Amino acid sequence: MRPCSPLLLCLAATLSSAFVISSPHMWTKLILTHHWPSTFCAMEHCHPNISYWTLHGLWPDKGIDCNSSWHFNASQIEDLLPDMEKSWPDLLHPTSTGFWKYEWHKHGTCAARAASLNSQHKYFSKALELYHKVDMDGILRKFDIIPSEKYYTFSQIEGVIENFYGVKPKIQCIHPSKNADAQILGQIEICFNPDFTLLDCDKQGDWDKLMAVDKASGFSVCDHDKPVYYPPLS
């Protein structure tokens, strides 16, 4: 498999404006996070009818809840709502905007320190744009990584993503118990520089410390040596 240079060029071309990083609190990495609905709902006791990777969020690597006075307003992203309902659904409360409100307050207000993301519309539209360009679901299927009752090796999944995009992802699983036969695939992160070019995701760093105090839904970095279960829709 060879890296897809047209995709990389396309991703690089999504640069909206130049960044000037002048503040020590300015983030240096964006994390585009996908989650697998079947795994999420197995933990949260919801009933997904979605069999594709959905968007969890676009997270800067520094800062949480950076501007509590900047309230979420769905009317500012009205044109994006049809795509958000499909690509960025609230799996727990499908008719609510609460998930997007949460993501804006927690992550969007921090991402907005950059000029290219300094409005609700810019933030949510850029997240959707990157999600569609990455096309995690399509790439895994293209290389026969599909939900099934069989197990995959960690290296099979990581290898497809790394070879295609040319960068290392961060792949997270649920670990049912130390004696379980397999870990369960749950979340995949793809990382970007501030100019929206692809970047290796570090397995450790400031973001991991922040997530340690988050609800964080039980995901942790997959064990490289344990089989991976990619659960199909129940």
Side-chain angles (χ1 to χ4, degrees), residues 11 14-35 40 44 53-134 170 172 187-199 201-202 204-219:
L11 281 166
T14 62
L15 200 153
S16 297
S17 65
F19 279 71
V20 178
I21 300 178
S22 57
S23 167
H25 303 294
M26 178 63 185
W27 50 267
T28 58
K29 177 171 66 176
L30 282 171
I31 303 162
L32 184 73
T33 306
H34 309 72
H35 59 189
F40 175 84
E44 299 293 336
W53 285 86
T54 59
L55 183 55
H56 189 170
L58 183 65
W59 305 337
D61 66 339
K62 293 181 182 178
I64 284 178
D65 296 317
C66 294
N67 187 346
S68 60
S69 66
W70 196 347
H71 299 301
F72 174 75
N73 184 348
S75 68
Q76 295 182 14
I77 57 169
E78 192 169 355
D79 61 311
L80 304 176
L81 292 179
D83 191 8
M84 291 185 67
E85 289 168 359
K86 180 179 180 181
S87 303
W88 201 337
D90 185 333
L91 297 170
L92 290 173
H93 308 288
T95 61
S96 169
T97 61
F99 181 32
W100 305 328
K101 177 181 177 180
Y102 175 83
E103 288 296 308
W104 168 251
H105 285 165
K106 184 169 184 179
H107 304 294
T109 56
C110 300
R113 287 171 170 162
S116 59
L117 299 172
N118 65 358
S119 73
Q120 292 181 47
H121 195 278
K122 286 181 182 179
Y123 171 72
F124 286 107
S125 63
K126 178 57 70 174
L128 290 167
E129 178 186 341
L130 295 175
Y131 166 81
H132 289 302
K133 288 184 188 297
V134 166
K170 183 173 181 180
Q172 297 171 316
Q187 195 156 268
I188 298 177
E189 297 176 358
I190 299 290
C191 297
F192 296 85
N193 286 297
D195 64 358
F196 307 117
T197 54
L198 287 161
L199 174 71
C201 288
D202 297 326
Q204 300 294 332
D206 291 343
W207 182 243
D208 297 272
K209 297 173 186 175
L210 291 172
M211 289 300 284
V213 298
D214 185 26
K215 183 181 177 185
S217 56
F219 293 122

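Just so it is clear, the structure is predicted and the values come from calculations on it, not from any experiment.
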For Ile188 and Lys170, run side-chain contact (heavy atoms from CB on, under 4.5 Å): C-alpha distance rounded to whole Å, both residues' side-chain angles, the deciding distance at 0.1 Å, then the answer. CA-CA 6 Å; Ile188 298 177; Lys170 183 173 181 180; over 6 Å; no

Heavy-atom closest pair, residues [X] and [Y]:
X: Tyr123; Y: Glu103; result: OH-O, 4.0 Å
X: Met26; Y: Ala114; result: CE-CB, 3.6 Å
X: Phe72; Y: His105; result: N-NE2, 3.4 Å
X: Ala111; Y: Pro60; result: N-CG, 3.6 Å
X: Cys201; Y: Ile190; result: SG-C, 3.8 Å
X: Trp88; Y: Ala127; result: CZ3-CB, 3.5 Å

Is it true that the side chains of Asp65 and His107 contain a donor and an acceptor less than 3.5 Å apart? no

Strictly distance-based, threshold 3.5 Å: is any side-chain N or O of [X] a donor or acceptor partner for the main-chain N or O of [Y]?
X: Thr33; Y: Glu189; answer: no
X: Ser96; Y: His93; answer: no
X: Asn193; Y: Asp195; answer: no

Looking at Phe196, is Lys126 sitting on its ring face, NZ or CZ under 6.0 Å from the six-membered ring centre and within 45 degrees of the normal? yes

Under the side-chain contact (heavy atoms from CB on, under 4.5 Å) rule, what do Lys86 and Thr54 come out as? Steps first, then yes or no, please. CA-CA 8 Å; Lys86 180 179 180 181; Thr54 59; over 6 Å; no

Taking the side chain as everything from C-beta on, heavy atoms only, tell me whether [X] gets closer than 4.5 Å to [Y].
X: Leu128; Y: Met84; result: yes
X: Trp59; Y: Leu30; result: no
X: His121; Y: Asp79; result: yes
X: Glu44; Y: Leu91; result: no
X: Leu55; Y: Leu32; result: yes
X: Ser87; Y: His132; result: yes
X: Asp202; Y: Asp61; result: no

Classify the ring geometry of Phe99 against His56: parallel below 30°, tilted from 30° to 60°, perpendicular beyond 60°. tilted

Geometric class of the Trp53/His34 ring pair [parallel <30°, tilted 30-60°, perpendicular >60°]: perpendicular

For the pair Asn73 and Gln120, evaluate side-chain contact (heavy atoms from CB on, under 4.5 Å) and give the outcome as yes or no after the intermediate values. CA-CA 8 Å; Asn73 184 348; Gln120 292 181 47; 4.3 Å; yes

Ring centroids only, cut at 6.0 angstrom: are Trp100 and Phe124 within range, meaning strictly under it? no

Could you tell me whether Trp70 and Trp104 have their ring centroids closer than 6.0 angstrom? yes

Say you draw a straight line from [atom1] of [X] to [atom2] of [Y]; how long is it, rounded to the nearest 0.5 Å?
X: Gln76; Y: Ser119; atom1: CD; atom2: OG; value: 7.5 Å
X: Leu81; Y: Ser75; atom1: CG; atom2: OG; value: 9.5 Å
X: Gln187; Y: Phe219; atom1: CD; atom2: CZ; value: 5.0 Å

